[in-house]
Amino acid sequence: GGHGPWSVMLASASTLAGPTTSAAFVKVGMGSALVQWSPAGNPLEVTTYTVVLSTKPVFDLTAAYNVTLSTRPTGGNLMATVRGLRPGTAYYLYVSARNHNGIEASYSNLAATSTVGAGPDCMAGYNVRLDGWGDFTSIKEAVSFLPPSLSTFTCIILDKAGTFSEQVDLRNITNNGNILAVAAPTNFTSTETVVTPPAFSTAAFLIENASVTLSNLIIVATNSVPYGVRASSAYVTLSSVNVVGGVSIYAAGVSLSSWATVLYSSVTVQSAHGFHLAGYGNSISYSTASAAGANGYALFLDASVGDTVREGYFANSVATAVYLSPGANSNTILRSTMSGGTPAGGQGGTGLSLSGAYFNNIVLSVMAGGGGGNAKGGGHGLSVQGGSTNTFHQSVMSGGGGGGSGSDGAPGSAAGGGGGGSNTSGAAAPGTGGHGAYLVAGSSAVFRESVLGGGGGGGCPGGTVGGS
């Protein structure tokens, strides 16, 4: 008996992977989809699958906008997330299994769906929902999955109401002339989509990337932070963005650099600036800002040049409303109202204050000084300290009334504010009324077809309306 020596292996073969026969879309977002498929008898954890989401109902591996993913899932739950889909687009799901020699089984059209739409402009991006049924549950996670170089108008849509507690950093993205937008749908109310910066944040949105748009958002600061929105790059747009800073924001509700655009937006702060512009070529339209502290202005043009402000309302309830600092030149304020406030026992705030600013044009606007506090002077409608060649055309400047002994003066109006009365015998002398326009020595301005009204001085029982 016995046997001869073992022979060497002369050949080997692998069986083909079985074709996948069933698959489904588990979750579909704006730019991604979670898909699941059956193993079809193929060995688990060793079989590799190619998942193709195609815009064609007949399989074509070269079709435009195809997204292909190669994956080897672990365990028996065969699932994968496919990203980079186009919003509002029909996709067909194909899955093919490959054996260990890389030979693919056939592809079959196993399921179909459409991604979430994002409006006519958005051609790429993701949607964010706190309930988990979007592409992501946080804005910054969605940002982290954006490509480093944009090839089209790209959006991150917050399409489910909720409060997002995060600081969103937008930086290091090459736009290639495309816009990156973070927005809520326009049918949401202003209180439905809220972004609130956590403690130790710089801002709710820290923008260090050009061509970024924020729209239909409300930012609420509940922790102490410097800014609501801080943009150091150019071509940033805020549309229907409302910042509620209260006492929590201590630098500026919105701080912008150059060539920024603000539309239909509002800022409410206390001891901070509302809008802070520190570059050139910015535009603010149909927007409002309110401050309530001596350390901030509702609108602060910080050596900013060539800005345009139109149809705005800017007020500080206790101090100066709008300030143009030295170097804030060649700006235009059109059809806007600037109202200084009445502090407790202090000098009334100025409507518009210019210091060392040149070549600015104020047109069809109202500047009103605040009434003086107890026995203090009223605020000026306009104060010019240094600078020249500033022009005021068809505008109204009114001083606030001086404070009486024990009562406040009235805010400025077209005829000037009335002075406060005295209610205390032998009290301090009442405050003087503010000027419609107050120019310090060496300053000059040009007034054309404008109305100037000084505030009445405080007195007993009250000062008269109007002055010089």
Side-chain angles (χ1 to χ4, degrees), residues 243 245 252-254 262 265-277 284-301 309-324 331-344 346-355 360 362-373 376-384 392 394-403 408-420 431 433-438 450-456 465-467:
V243 178
V254 173
V262 179
S265 297
S266 69
V267 179
T268 303
V269 291
Q270 190 160 326
S271 294
H273 306 306
F275 290 106
H276 174 229
L277 308 182
I284 298 178
S285 302
Y286 310 106
S287 298
T288 67
S290 298
N295 297 322
Y297 308 105
L299 173 61
F300 180 22
L301 273 58
V309 179
R310 59 169 60 89
E311 306 285 355
Y313 178 82
F314 308 97
N316 188 326
S317 62
V318 299
T320 296
V322 178
Y323 179 57
L324 276 61
N331 301 289
T332 298
I333 299 177
L334 174 66
R335 295 191 181 93
S336 296
T337 298
M338 297 154 272
S339 296
T342 301
Q347 176 85 26
T350 299
L352 169 62
S353 177
L354 287 74
S355 179
N360 297 287
I362 316 299
V363 183
L364 295 168
S365 294
V366 175
M367 293 142 273
K376 300 296 183 180
H380 308 305
L382 165 69
S383 174
V384 180
F392 301 84
Q394 292 184 327
S395 295
V396 175
M397 288 142 274
S398 57
D408 298 337
S413 63
H435 295 274
Y438 178 77
S450 295
V451 176
L452 286 73
V465 174

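- Partners of Asn360 by side chain to side chain donor-acceptor pair (under 3.5 Å), not counting sequence neighbours, listed by chain and number: Asn331, Asn390.
- Between the CG atom of Leu352 and the OG atom of Ser383 there is a distance of 8.5 Å, given to the nearest 0.5 Å.
- Of all heavy-atom pairs spanning Val318 and Pro343, the tightest one is O-CB, 3.4 Å.
- In this structure, Ser395 contributes its side chain and Leu364 its backbone to a donor-acceptor pair below 3.5 Å.
- Contact detail for Ala321 and Gly351: the closest heavy-atom pair is CB-O, 3.4 Å.
- Using a distance-only test at 3.5 Å, with no hydrogens or angles considered, a donor-acceptor pair links the side chain of Asn316 to the main chain of Gly293.
- Closest of all the heavy-atom pairs between Ser336 and Gly312 is OG-N, 3.0 Å.
- Looking at residues two or more places apart in sequence or on another chain, you find a ring-ring contact (aromatic ring centres under 6.0 Å, His included) between Tyr297 and His273, Phe300, Tyr323.
- In terms of the side chain to side chain donor-acceptor pair (under 3.5 Å) criterion, Ser450 has no residue partners (sequence neighbours excluded).
- Taking CE of Met338 as the reference point, atom OG1 of Thr350 lies at 12.0 Å (rounded to 0.5 Å).
- When the ring-ring contact (aromatic ring centres under 6.0 Å, His included) test is applied to Phe392, the partners found at least two apart in sequence or on another chain are Phe447.
- Checking each of Leu299, Thr288, Val254 against Val267 for a side-chain contact (heavy atoms from CB on, under 4.5 Å) leaves exactly one that passes, namely Val254.
- Scanning both residues, Ala315 and Ala298, for their nearest heavy atoms gives O-CB, 3.4 Å.
- For the atom pair His380 NE2 and His435 NE2, the distance stands at 5.5 Å (nearest 0.5 Å).
- Residues passing the side chain to side chain donor-acceptor pair (under 3.5 Å) test with Glu311: none are found, sequence neighbours excluded.
- Rounding to the nearest 0.5 angstrom, the gap separating the CD1 atom in Ile284 from the CZ atom in Arg310 is 11.0 Å.
- For Ile333 against Ser365, the heavy-atom pair with the smallest separation is O-OG, 3.6 Å.
- Residues forming a ring-ring contact (aromatic ring centres under 6.0 Å, His included) with Tyr313 (at least two apart in sequence, or on another chain): none.
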Margin query: Determine whether Phe275 and Val309 satisfy the following criterion, side-chain contact (heavy atoms from CB on, under 4.5 Å), listing intermediate values before the conclusion.
Written below: CA-CA 11 Å; Phe275 290 106; Val309 179; over 6 Å; no
Note to self: Set out, in order, the CA-CA distance, both residues' side-chain angles and the distance that settles side-chain contact (heavy atoms from CB on, under 4.5 Å) for Leu354 and Leu382, then state yes or no.
What the structure shows: CA-CA 8 Å; Leu354 287 74; Leu382 165 69; 3.7 Å; yes
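- Between the OH atom in Tyr286 and the OG atom in Ser265 there is a gap of 13.5 Å [rounded to 0.5 Å].
- In terms of heavy atoms, Ala291 sits closest to Gly296 at CB-O, 4.3 Å.
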